[in-house]
Amino acid sequence: MCTSGIGGQAVLEGVMMKNKDLYAVAVRKPDGEIELEQQEYHSIAHGVKFCKLPFIRGIFNFIDSMILGMRCLDYSAGFYEEEDTSKESRVEKEINEKREKVFSAITVAISFIIAIALFMVLPYFLSTLLEKYVRNASVLGIFEGIIRLAIFLIYTVAITAMKDIKRLYQYHGAEHKCINCIEHGMELNVHNVKRSSRFHRRCGTSFLLFVMVVSILVFMCIQVDNRALRVLLRILLIPVIAGISYELIRLAGRSDNILVRIISMPGMALQKLTTKEPDDDMIEVAIKSVEAVFDWRSFLDENFNQDTEDKPVAKAPAEVEILS
């Protein structure tokens, strides 16, 4: 397997793929046609070398993923709005676009706050209920981590039952299968993509699971008596946890040794919930998105020798995207 470095995200009836500063969103419109948008996205830390250092770059990659992900979801949702905007004037459209940007920013902020409250703060307060029975702070930290993992798994299972989420997970599967297809040296077409795995080590699901596990280890090392300070530290240390988790997911995507396989197994297993097998139409959408940002033919020529039985040699890319 040769790492391509590209990443992506499932959106409403479509797939977004990103390669370095270029991204593309392919959406299957209600009339059956595929709409493709290709644009550049520069990181919020674009041009700052310090932000590309190990354990630092993961923080900004995580923020960029949230911003770009929300932007692409808004774009795909626009094709399925019931309101007829065809008669809007140019000024009205500009005003609505500005409103949508503000609304998206507010949505990202609120989502981030809810995530912190649900996965960081709530597990801590629930673990304090065990203080009467568990006197050891490290053991109590382990219980807090177990509660955090349980909340995460319950949340993942709960949203899987939603009908719209099931189709989103099918596009998620199409995204993974396309990348696995080219990273295993096969031509990118519907037949080969269907044969490829829908599980990938660089998946955002695996990243979030790493976040949960790393948080246990980090919080066990930080021991303070004041409860308010404990909560504050759990919030302040989120960037540190994200930075460490990014390096782990990056390693998982670039290495194939036995240790990496072992630490990747839980995340790969969890993807059985967050990815579903796509149909041919979904795969076609994902292929369109890949081809808009990535020259897979050149990638195969450079990394795979199709005429001999020699194993391919991976050329590690400078940047590696997470598959959301």
(message) With clusters defined by side-chain heavy atoms of hydrophobic residues (ILVMFWY) lying less than 4.5 Å apart, directly or transitively, does V213 cluster with L140?
(response) no

(request) Would you kindly confirm whether V157 and Y155 end up in one hydrophobic cluster when ILVMFWY residues are joined by side chain heavy atoms under 4.5 Å apart? (result) yes

(request) Check for a donor-acceptor pair, side chain of S245 on one end and backbone N or O of A242 on the other, with a separation under 3.5 Å. (result) no

(request) Check salt bridge (Lys or Arg N to Asp or Glu O under 4.0 Å) between K166 and all other residues, then give those that pass, not counting sequence neighbours. (result) none

(request) Would you mind reporting whether F62 and Y246 have side-chain heavy atoms less than 4.5 Å apart? (result) no

(message) Check this for me, if you would: do K194 and E277 make a salt bridge, where the nitrogen-to-carboxylate-oxygen distance has to be below 4.0 angstrom?
(response) no

(message) Looking at F143, I want to see if its CZ is surrounded by more than 12 non-hydrogen atoms of other residues, nucleotides or ligands under 6.0 Å.
(response) no

(message) Does the plane of the ring in Y169 sit parallel, tilted or perpendicular to the ring in H172? Use 30° and 60° as the thresholds.
(response) tilted

(message) I'd like to know whether CD of Q38 has more than 12 heavy-atom contacts from other residues, nucleotides or ligands below 6.0 angstrom.
(response) yes

(message) Would you say that V27 contacts L12 through its side chain, given a criterion of any heavy-atom pair below 4.5 Å between the two side chains?
(response) no

(request) Show the numbers, then the answer: is there a side chain to side chain donor-acceptor pair (under 3.5 Å) between S206 and Q271? (result) CA-CA 8 Å; S206 297; Q271 289 176 46; 3.1 Å; yes

(request) With sequence neighbours excluded, tell me which residues meet salt bridge (Lys or Arg N to Asp or Glu O under 4.0 Å) with E284. (result) R28

(request) Kindly compute the distance separating CG (L118) from CD1 (I113), expressed to the nearest 0.5 Å. (result) 13.5 Å

(request) Please assess R167 against Y171 for the test side-chain contact (heavy atoms from CB on, under 4.5 Å), listing each intermediate value before the final yes or no. (result) CA-CA 6 Å; R167 286 192 63 82; Y171 277 104; 4.2 Å; yes

(request) Verify the cluster assignment for M268 and I179: are they in a single hydrophobic cluster under the rule of side-chain heavy atoms below 4.5 Å apart? (result) no

I'd like a table of donor-acceptor pairs (distance under 3.5 Å, sequence neighbours excluded) in which one partner is a side-chain atom from residues 29-37, with atom names and distances.
unit_1, atom_1, unit_2, atom_2, d
D31, OD1, E33, N, 3.0
E37, OE2, Q39, NE2, 3.0

(message) Suppose we screen for salt bridge (Lys or Arg N to Asp or Glu O under 4.0 Å). Which residues come up paired with D279, at least two apart in sequence or across chains?
(response) none

(message) Test of understanding: with ring-ring contact (aromatic ring centres under 6.0 Å, His included), list the residues that count as partners of H184, not counting sequence neighbours.
(response) none

(request) Kindly indicate whether a cation-pi arrangement holds for R234 with F219, taking the cut-offs as under 6.0 Å to the six-membered ring centre and within 45° of the axis. (result) yes

(message) Strictly below 4.0 Å, N to O, side chains only: are R230 and E144 in salt-bridge contact?
(response) no

(request) State which residues pass salt bridge (Lys or Arg N to Asp or Glu O under 4.0 Å) with R297; sequence neighbours excluded, sorted by chain then number. (result) none

(request) Check the pair E183 / R201 against salt bridge (charged side-chain N to carboxylate O under 4.0 Å, His left out), numbers first and verdict last. (result) CA-CA 12 Å; E183 289 187 341; R201 291 177 188 167; over 6 Å; no

(request) Would you kindly confirm whether V260 and I244 end up in one hydrophobic cluster when ILVMFWY residues are joined by side chain heavy atoms under 4.5 Å apart? (result) no

(request) Verify, without hydrogens or angle tests, whether R148 (side chain) and F119 (backbone) share a donor-acceptor contact under 3.5 angstrom. (result) yes

(message) Determine whether a donor-acceptor pair (N or O, by modelled atom type, separation under 3.5 Å) exists between the side chain of N192 and the backbone of C181.
(response) no

(message) Tell me if the CG atom of D225 is crowded by more than 12 foreign heavy atoms within 6.0 Å.
(response) no

(request) Output the distance between atom CD1 (I63) and atom CD1 (I44), rounded to the nearest 0.5 Å. (result) 4.0 Å

(message) Membership question, hydrophobic clusters at under 4.5 Å side-chain separation (ILVMFWY): are L270 and I249 in the same one?
(response) yes

(message) Quick check: do R202 and F207 have side-chain heavy atoms less than 4.5 Å from each other?
(response) no

